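Notes to accompany the following structure.
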Amino acid sequence: MAFRNRNWIELVFTLKGSVIPRVWQRVVVAMTFSLIVTIIYQSGLIWIHQPILASLIPGVVLGLLLVFRTNTSYDKFWEGRKLIGGIIISGRSLSRQMWVNIPEKTPEDTEEKKAAVLLLAGFLMATKLHLRNESIDGQLQSIISNNQYLELKEVNHIPLRIAKWIGDYFRKIYDLNYIDSIQLSTYNQILDLMVKDKTGCERILNTPIPLAYATHLKHLLFLYCFALPFQLVADLSWITIPATGVISFALLGIEAIGLEIENPFGYDPNDLPLDNMCNRLLWDIEELMSSDSRKEYLVE
């Protein structure tokens with residue numbers, strides 16, 4: 001997704017992030033079929049030119065379907081970006097409040113608070129793994145204890161378990177009178193927002209474009225692309241082949257873009273950079289904790 005610093009010519013000839021790898025085989029099939037149609041037309045054996053096929057599938061109808069398909073997918077992509085951004089905002093806000101406002105009376109309090117604050121970054125990492133249907137990776141394992149790691153290996157929903165640990169920490173420090181009821185409520189509300197945003201990501205992941213709509217669009221694209229040679233061959237002759245390829249590439253490419261960005265949480269070049277986002281939140285939290293290295297413990 002980092003393309004702002006690349007010049008126009010470089011973007012034209014790049015393959016990474018483009019839909020060419022997805023559609024080139026279908027484009028070649030369409031061009032091969034147009035070659036067969038052109039050969040038959042040039043032989044004069046069959047009057048194969050049929051311009052009436054242009055009205056078989058009106059271009060306006062197909063265009064509207066493609067626009068709707070792409071816009072629907074982009075809405076899901078952009079909503080996913082906002083939800084992940086919401087988790088990051090909540091994580092930064094909550095980590096700052098915890099690190100600044102929760103007192104530390106013993107060295108054990110400091111270590112326990114550090115572990116709880118790091119779990120906020122762990123929540124985003126766990127959300128990423130959950131959306132990708134992956135198990136615990138080394139990065140998440142590095143910020144949790146061995147007992148926590150063993151516990152997470154036995155659960156089905158890792159982000160919720162991490163959220164429970166954070167909530168348990170809030171309850172513990174409240175029982176110790178380290179925070180008051182207003183702080184407890186505020187912290188839990190922010191934590192609830194993180195869980196809500198994570199649930200929104202699950203909704204995007206588990207709600208694909210309806211199969212009937214996606215299948216019907218593919219059927220129309222198939223009919224349109226294979227009807228093109230019959231419409232063009234009399235006017236373009238052998239140029240029908242590249243013309244069919246260009247038009248097929250344009251239409252199939254738009255459909256492929258919608259398909260790729262429909263799930264923005266994977267590893268495709270056009271997906272959200274979740275790994276970088278997790279690293280950024282972890283670095284921010286570590287920098288926050290390292291900015292105040294001097295601790296004076298209160299003596300009761």
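Note that this is a predicted model, so its numbers are computed, not measured.
Note that the CG atom of Leu66 and the CG atom of Leu252 stand 9.0 Å from one another [nearest 0.5 Å]. Leu120 CG to Ile285 CD1: the interatomic distance, rounded to the nearest 0.5 Å, is 5.0 Å. From Leu65, atom CG reaches atom CD1 of Ile254 across 12.0 Å, with rounding to the nearest 0.5 Å. In this structure, Leu251 CG and Phe249 CZ are separated by 11.0 Å, a value rounded to the nearest 0.5 Å. Taking CD1 of Ile87 as the start and CG of Leu281 as the end, the distance is 9.5 Å to the nearest 0.5 Å. In this structure, the separation between CD1 on Ile143 and CG on Leu118 is 5.5 Å, given to the nearest 0.5 Å.
With a 6.0 Å radius and a threshold of 12 heavy atoms from other residues, nucleotides or ligands, Asn146 has its CG atom at or below the threshold. Within 6.0 Å of CH2 in Trp238 there are more than 12 heavy atoms belonging to other residues, nucleotides or ligands. Around NE2 of His216, the count of heavy atoms belonging to other residues, nucleotides or ligands within 6.0 Å does not exceed 12. Heavy atoms from other residues, nucleotides or ligands lying under 6.0 Å from CG of Asn133 number 12 at most. Residue Trp165 places its CH2 atom among more than 12 non-hydrogen atoms of other residues, nucleotides or ligands, all under 6.0 Å distant.
Note: the hydrophobic cluster containing Leu124 does not contain Leu193 (ILVMFWY, side chain heavy atoms under 4.5 Å, direct or indirect links). There is no path of hydrophobic side-chain contacts, each under 4.5 Å, that joins Val67 to Ile257. Placement of Tyr213 and Leu259 in two distinct hydrophobic clusters is found when ILVMFWY residues are connected by side-chain heavy-atom separations under 4.5 Å, directly or transitively. Under a hydrophobic clustering in which Ile, Leu, Val, Met, Phe, Trp and Tyr are joined whenever their side-chain heavy atoms come within less than 4.5 Å, directly or via other members, Ile239 and Val246 fall into different clusters. Connection of Met125 to Trp283 is not established within any shared hydrophobic cluster, with ILVMFWY side chains joined at heavy-atom distances below 4.5 Å, either directly or through further cluster members.
Residue Cys201 comes nearest to Ile84 through the heavy atom pair SG-CD1, 3.8 Å, listed as atom of the first residue, atom of the second, then distance. For Asn270 against Phe77, the heavy-atom pair with the smallest separation is O-CE1, 3.2 Å. The minimum heavy-atom distance between Thr38 and Val233, with the atom names listed, is CA-CG2, 3.9 Å. The minimum heavy-atom distance linking Thr244 with Pro229 is given by the pair OG1-CG, 4.0 Å. When every heavy atom of Met31 is checked against every heavy atom of Gly245, the shortest pair comes out as CG-CA, 3.4 Å. The two residues Val23 and Ala256 come nearest to each other via the heavy atoms CG1-CB, 3.6 Å.
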I'd like to know whether Tyr187 forms a side chain to side chain contact (heavy atoms under 4.5 Å, CB included) with Ile166, so could you lay out the CA-CA distance, the side-chain angles of the two residues, the decisive distance to 0.1 Å, and finally the verdict.
CA-CA 10 Å; Tyr187 296 166; Ile166 299 172; over 6 Å; no
For a side chain to side chain contact (heavy atoms under 4.5 Å, CB included) check, start with the C-alpha distance between Leu217 and Leu62, then their side-chain angles and the critical distance, and finish with the verdict.
CA-CA 8 Å; Leu217 179 57; Leu62 184 59; 4.1 Å; yes
Under the side chain to side chain contact (heavy atoms under 4.5 Å, CB included) criterion, do Leu119 and Phe123 qualify, and how do the steps go?
CA-CA 6 Å; Leu119 284 178; Phe123 180 86; over 6 Å; no
As a quick check of understanding, evaluate side chain to side chain contact (heavy atoms under 4.5 Å, CB included) for Ile162 and Ile144, giving each step before the final call.
CA-CA 10 Å; Ile162 293 178; Ile144 60 178; 5.6 Å; no
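A donor-acceptor pair under 3.5 Å links the side-chain atoms of Thr240 to the main chain of Ser237, judged by distance alone. Ser290 places a side-chain N or O within donor-acceptor distance of the main-chain N or O of Glu287, the cut-off being under 3.5 Å. Judged by distance alone, with hydrogens and angles left aside, the side-chain atoms of Ser185 form no donor-acceptor pair with the main-chain N or O of Ile182 at under 3.5 Å. For the pair Glu262 (side chain) and Ile209 (backbone), a donor-acceptor distance under 3.5 Å is present. A donor-acceptor contact shorter than 3.5 Å links the side chain of Lys76 to the backbone of Thr207. With hydrogens and angles disregarded, no donor-acceptor distance shorter than 3.5 Å links the side chain of Ser93 to the backbone of Ile89. Ser95 contributes a side-chain N or O that, together with a main-chain N or O of Arg92, makes up a donor-acceptor pair within less than 3.5 Å.
A salt bridge links Asp284 to Arg280: at least one charged side-chain nitrogen sits closer than 4.0 Å to a carboxylate oxygen. The pair Asp109-Lys113 does not meet the salt-bridge criterion, since no charged nitrogen lies less than 4.0 angstrom from a carboxylate oxygen. Between Arg132 and Asp271 there is no salt bridge, since no side-chain nitrogen of the basic residue lies less than 4.0 Å from a carboxylate oxygen of the acidic one. Arg69 has no carboxylate O lying under 4.0 Å from a charged side-chain N of Glu255, or vice versa, which leaves the two without a salt bridge. A salt bridge is defined here as a Lys NZ or Arg NE, NH1 or NH2 lying under 4.0 Å from an Asp or Glu carboxylate O, and Lys196 with Asp192 fails to meet this definition.
Under the 4.5 Å side-chain criterion, counting only non-hydrogen atoms from C-beta, Met194 is not in contact with Pro159. Using a 4.5 Å heavy-atom cutoff, the side chains of Ile136 and Ile158 are in contact.
In this structure, the salt bridge (charged side-chain N to carboxylate O under 4.0 Å, His left out) partners of Glu202, at least two apart in sequence or on a different chain, are Lys198.
Every pair passing salt bridge (Lys or Arg N to Asp or Glu O under 4.0 Å) that includes a residue from residues 118-129 is listed here, sequence neighbours excluded: Lys128-Asp137, Lys128-Asp275.
In this structure, the ring of Phe170 has its center no less than 6.0 angstrom from the ring center of Tyr174.
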